[in-house]
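Structure, as structure tokens:
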Amino acid sequence: MNAFDDLADRIRAALEGLVRDGRLPPGLPLDSVLVEPPREAAHGEAATNAALLLAKPAGLRPLDLARCLAEALRADPEVVEATAAPPGFVNLRLAPDFWRRRLRDVLALGFDYGRVDLGKGRPVDVEYCSANPTGPLHVGHGRGTVFGDALANLLAYTGWKVTREYYVNDAGAQIETLARSVHLRYREALGEAIGPIPEGLYPGEYLVPVGRALAESEGPRWLGRPEPEWMPLFARRAVEAMLERIKDDLAALGVHHDVFRSERALVEAGEVEAALAFMEQKGLLYTGTLPPPKGKPVEDWEPAPQLLFRATAYGDDTDRPLKRSTGHWTYFAADVAYHMDKWRRGFDRMIDVWGADHAGYVKRLQAAVAAFSDGAATLEIRLCQLVNLLDGGKPLKMSKRAGRIVTLRDVVDEVGKDVFRFMMLTRRNDAPLDFDLVEVTQQSKDNPVFYVQYAHARIRSVFRHAAEQALPRTAAELVDAPLARLEDPAELALVRAVAAWPRTVKAAAEQSEPHRIAFYLQDLAAQFHALWTRGKEVPDLRFLVAEDRPLTLARLALLEAVRTVLATGLALIGVTPVEELH
RNA sequence: GCGCCCGUAGCUCAGCAGGAUAGAGCACGGGAUUCCUAAUCCCGGGGUCACAGGUUCGAAUCCUGUCGGGCGCACCA
């Protein structure tokens, strides 16, 4: 069992004992009691705020209650020290075995050490990436993609039935623009001099092969024909080609979605009408005129009655249009239908990962989900801030218009999937992130990826040496190692870091913050490197001690546990641990 | 003008559900290698947690306001 949950249980049991003895009144909110490692190591190995929290409802002074609780806890044979500290903390020291036992858990459970069942098998839909199929993915997409994928991993690890989903915006004006751009490349492939790409079309070279493929399969029959004739074919073929390329880019990042949901298919199946009819029935829609937009004045704005959704009734700032003045559905209308589609597929928990430039869109979609589900479904939206791409400290401009787009694929090919994925999680998602192409490829301690990988590789190196000495090396062989031989403070600190893994996973999953995994791994690696180097100064602390086999086994057990947790954490963020570094 | 996010060491950032003397990396100064990979480690200086109020036993954390920065703000995607 998770060390800190174990402690929380013991503290609750002690409190219940005090209630039975009549020293505490019944009915106290014991669930709110917290046990955590104190920031200051001098305060002990674990601390609880129980007395601070319960003093008032119990009608006692916090310090008195803390003393009382400390005394009760001292009855536990594994509690070697329990002291009350002002203003009312109880600080604990546990028998070393209490911590060492976690190593046995790791060796027995492997990848499952740290798993908690928060989801209880309930479904959750995580939608991420969802870039428009009008070109290759760029680095900005990469961040949301890695974040979403790591979050999906984390939720799957914590008991949720996760569906990874990609929404394909294959309808609307940008697809027509794409088709026109491809038609131009098609003419070019058939020998026409097309000159510079006109303003408003996609200039990227990546459309050249799409035009060429159409020229080969279709011949010249779409030359000089009116646009409505070739538009459907060119749109379809262009989207297919772009999507294929995007999937390829995602695969290079190790990302695989379960569902690609097409906006066009949604629209053609009449789901938008159906969704809005449903909302109409609930009285959520009306026809009205919106006030002119605030901020920058819009020149050609004129008031026009539109079909609107009562978003203000669900916390949005203004009601939102579902139909354009042209009579077409808005993008928002399709998005409402899409999220209703998710709901009908059984998801009452949905998570969308978006770029920060879509922040203004959050409230209206959450309002829609709350409205059509009568509050039964929740939509969480995680925004990822921009990535500033640098090359040796100098900013690299990412401008689609200038055609100087730096693609995700370029970067992944250059630095590798593992480096890219790890680096994307070295910041909170809502903070901007600098990504320096030069820095991240350097194999030095400045580079957190290599720092963590190096720890893993060093452990594997020890096991290669162990193999030469014909020592047991598998978790199954090491699970019965005499762990009591681990006595050095640096060893026990490392054990406690391993013990902190389950609570890290739990917190990261509950807060939807996969970056916490990356930070934990750096911390665990640091503890390990410290112990390693101590072995250089104090030969007794080396891992393989020829004349003391039991001690060697205990240390191998510790190392295998650390390695397992490193590998598990890396797996959750989608990074492959390495055997050695060169 | 309005909304969302952010403001923590010289720089880049963590800070778990409010908890004790606010942490890490970089940079700077000093040290460690006959050794399982020095691609590492150890020691040190460095802070008005933007500012002002409020909530409470306790605030970097929650609430309100101010200042500063980023993103967004009809029909477009």
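Below, chains carry the letters A, B, ... as their sequence lines are ordered, and counting in each starts from 1. We use all heavy atoms of the structure for the numbers below, so side chains are in, but hydrogens, waters and symmetry mates are not.
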Just to be sure I understand the rule, does A:Ala47 reach a base, reach only the sugar-phosphate, or reach nothing, if contact means heavy atoms closer than 4.0 Å? base

Under-4.0 Å side-chain N/O to phosphate OP1/OP2 contact, A:His515 with B:G15: yes

Decide yes or no, distance alone: a donor-acceptor N/O pair under 3.5 angstrom between the base of B:C76 and the side-chain of A:Arg324. no

Classify the nucleic acid contact of A:Lys363 as base, sugar-phosphate or nothing, counting any heavy atom under 4.0 Å across all strands shown. sugar-phosphate

Looking at every strand, decide which applies to A:Asp430 at a 4.0 Å heavy-atom threshold: base, sugar-phosphate, or nothing. sugar-phosphate

Between A:Asp548 and A:Arg485, is the closest basic N to carboxylate O distance under 4.0 Å? yes

Can you identify which nucleotide, out of B:C41, B:G15, B:C36, has its nearest atom closest to the A:Arg428 side chain? B:G15

Do other residues, nucleotides or ligands put more than 12 heavy atoms under 6.0 Å from the CZ atom of A:Arg61? no

When you measure only distances, ignoring hydrogens and angles, does the side chain of A:Asp523 come within 3.5 Å of the base of B:A24 through a donor and an acceptor? no

Could you tell me whether A:Phe519 contacts a base, only the sugar-phosphate backbone, or nothing, with contacts defined as non-hydrogen atoms closer than 4.0 Å? sugar-phosphate

Nucleotide nearest A:Asn132 (side chain, heavy atoms from C-beta), chosen from B:U40, B:C35, B:A77: B:A77

Touch check for A:Ala173, heavy atoms < 4.0 angstrom, all strands: base, sugar-phosphate only, or nothing? sugar-phosphate

If only side-chain N and O atoms of A:Lys323 are considered, is one of them under 4.0 Å from the OP1 or OP2 phosphate oxygen of B:C75? no

Given the ring of A:Phe332, does A:Arg320 sit roughly above its face, with NZ or CZ under 6.0 Å from the centre of the six-membered ring and within 45° of the axis? no

Does B:G15 have its OP1 or OP2 closer than 4.0 Å to a side-chain nitrogen or oxygen of A:Tyr520? no

Identify whether any heavy atom of A:Pro62 sits under 4.0 Å from a base atom; if not, whether one sits that close to sugar-phosphate; answer base, sugar-phosphate or nothing. nothing

Counting only side-chain heavy atoms from C-beta out, which of B:A17, B:C76, B:U12 sits nearest to A:Gln511? B:A17

For RNA chain B, the dot-bracket pattern of Watson-Crick and G-U pairs whose distances stay under 3.5 Å, | for other-strand partners: (((((((..((((.....[...)))).(((((.......))))).....(((((..]....))))))))))))....

Sub-4.5 Å side-chain heavy-atom contact between A:His339 and A:Glu127: yes

If stacking means aromatic ring centre less than 5.5 angstrom from the base's six-membered ring centre, planes under 30°, is A:Phe89 stacked on B:G19? no

Gap between atoms CD and C1', on A:Glu513 and B:U61 respectively (whole Å): 13 Å

How about A:Gln453 and A:Asp418: do any of their side-chain heavy atoms sit closer than 4.5 Å? yes

Remember a base hit wins even if backbone is also touched, and classify A:Arg427 as base, sugar-phosphate or nothing at under 4.0 Å, heavy atoms. sugar-phosphate

Please confirm whether the shortest side-chain N or O distance from A:Trp532 to OP1 or OP2 of B:A38 is below 4.0 Å. yes

Counting the atoms with a prime plus P, OP1 and OP2 as sugar-phosphate, which does A:Arg458 contact under 4.0 Å by heavy atoms, base, sugar-phosphate, or nothing? sugar-phosphate

Side chain of A:Asp357: nearest nucleotide among B:C41, B:C71, B:A20? B:C71

